[in-house]
Amino acid sequence: SLNEECKTHSCYALQNISCDKRCIQKMANKDGLVDSLFKFMLLGSSIDQRIAALSSLRNLTEDPCAILGICNTRYAFQTLVYIIRGRDKCVTKEMQHLARDALATMSSFLRQMATNGLNKSISRQNNESGIESSNTDSSLSPSLKTVSWNQWQ
């Protein structure tokens, strides 16, 4: 549409639809939809359009199945990093926060996928060579243990 108000409300509608877990995968794999979200993030005529498009993408990152659709979008990571840097005068703090959150969520899911694939590969190699081992390698996951360290000594 050429009407700016229609574009804004379309972005709002996509933001609302992307909140529904049942719609996320379909939206992420719909031809041109994620590209359009990135276009509105950078070239939207109003801050409302930009924030709604970025919020929609942030909602899409909640589903690991949608990550591949987002990653296959040209300039996805570059666009998010551009927004995070905030060098454009149209980028707000809220947009930076949403972009950081989307990038961190995608990074977390990609790390989990890589770790699971590596664990399966190690397990398969161990089974072929007759070595018994657990299905998970604890060195690949964070321990979340508190380690005390006195930096002043």
Side-chain angles (χ1 to χ4, degrees), residues 1-122 135-152:
S1 174
L2 299 176
N3 186 330
E4 292 304 316
E5 190 173 344
C6 287
K7 289 179 185 179
T8 301
H9 288 286
S10 296
C11 289
Y12 288 150
L14 288 173
Q15 180 181 357
N16 290 336
I17 293 170
S18 67
C19 290
D20 188 354
K21 298 281 187 195
R22 298 171 294 177
C23 299
I24 290 177
Q25 191 172 1
K26 290 178 185 176
M27 287 181 70
N29 294 320
K30 182 73 176 161
D31 288 338
L33 182 72
V34 177
D35 284 326
S36 296
L37 290 176
F38 280 108
K39 177 184 169 188
F40 274 106
M41 280 183 235
L42 291 176
L43 305 173
S45 61
S46 71
I47 295 297
D48 291 336
Q49 286 178 7
R50 291 173 179 229
I51 290 175
L54 193 50
S55 296
S56 299
L57 181 81
R58 169 61 189 95
N59 291 339
L60 293 180
T61 62
E62 286 294 319
D63 187 357
C65 297
I67 300 296
L68 293 177
I70 296 169
C71 290
N72 288 334
T73 303
R74 190 172 185 182
Y75 304 120
F77 292 103
Q78 293 93 325
T79 303
L80 289 173
V81 170
Y82 178 79
I83 292 170
I84 289 168
R85 285 182 156 178
R87 293 186 179 158
D88 188 346
K89 64 181 178 180
C90 294
V91 174
T92 65
K93 296 288 184 190
E94 183 180 0
M95 290 174 66
Q96 288 178 306
H97 174 75
L98 289 167
R100 284 184 193 111
D101 200 22
L103 196 59
T105 303
M106 288 193 314
S107 172
S108 174
F109 281 132
L110 288 171
R111 183 186 178 284
Q112 287 175 354
M113 288 180 208
T115 301
N116 290 340
L118 187 58
N119 286 339
K120 287 179 183 179
S121 175
I122 290 170
N135 287 339
T136 59
D137 183 5
S138 61
S139 66
L140 297 174
S141 301
S143 66
L144 303 178
K145 293 180 184 176
T146 303
V147 178
S148 60
W149 177 63
N150 192 350
Q151 64 183 6
W152 308 111

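Given the structure is predicted, the values throughout are model-derived calculations rather than measurements.
- No donor-acceptor contact under 3.5 angstrom links the side chains of S108 and R111, judged on distance only.
- Side-chain contact check for E5 versus T8: every heavy-atom pair is 4.5 Å or farther apart.
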Check the pair T73 / T79 against side chain to side chain contact (heavy atoms under 4.5 Å, CB included), numbers first and verdict last.
CA-CA 10 Å; T73 303; T79 303; over 6 Å; no

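- Between atom OG of residue S10 and atom CG of residue N3 there is a gap of 9.5 Å, rounded to the nearest 0.5 Å.
- If you take CD1 on I51 and CD on E94, they are separated by 4.0 Å, rounding to the nearest 0.5 Å.
- Here D35 contributes atom CG and Y75 contributes atom OH; the two are 11.5 Å apart, rounded to the nearest 0.5 Å.
- Counting heavy atoms from C-beta on, the side chains of L14 and M27 come closer than 4.5 Å.
- Expressed to the nearest 0.5 Å, how far OG of S36 lies from NZ of K30 amounts to 11.0 Å.
- Within the 3.5 Å criterion, the main-chain N or O of H97 finds no donor-acceptor partner in the side chain of D101.
- For D31, the CG atom sits in a loose shell: 12 or fewer heavy atoms of surrounding residues, nucleotides or ligands are nearer than 6.0 Å.
- The shortest non-hydrogen separation linking C71 to L110 is SG-CD1, 4.1 Å.
- Here the rule is side chain to side chain contact (heavy atoms under 4.5 Å, CB included) with L103, and of I83, I84, T61 only I84 fits it.
- Proximity of a side-chain donor or acceptor of Q49 to a complementary backbone N or O of E4 within less than 3.5 Å is detected.
- Between D63 and K21, the closest side-chain pair of non-hydrogen atoms is not below 4.5 Å.
- Residue A99 comes nearest to L80 through the heavy atom pair CB-O, 3.9 Å, listed as atom of the first residue, atom of the second, then distance.
- Contact check for R58 versus T105: side-chain heavy atoms found under the 4.5 Å cut-off.
- M41 places a side-chain heavy atom less than 4.5 Å from the side chain of F38.
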task: Kindly determine whether Q15 and S56 satisfy side-chain hydrogen bond (donor to acceptor under 3.5 Å, both in side chains), including the steps that lead there.
output: CA-CA 4 Å; Q15 180 181 357; S56 299; 5.4 Å; no

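- Counting all heavy atoms, side chain and backbone alike, L98 lies closest to S55 at CD1-OG, 3.4 Å.
- What you find for L60 and A66 is that their closest heavy atoms are O-CB, 3.4 Å.
- Closest heavy-atom contact between A53 and L37: CB-O, 3.6 Å.
- Across all non-hydrogen atoms, the minimal contact from L42 to R50 is O-NH2, 2.8 Å.
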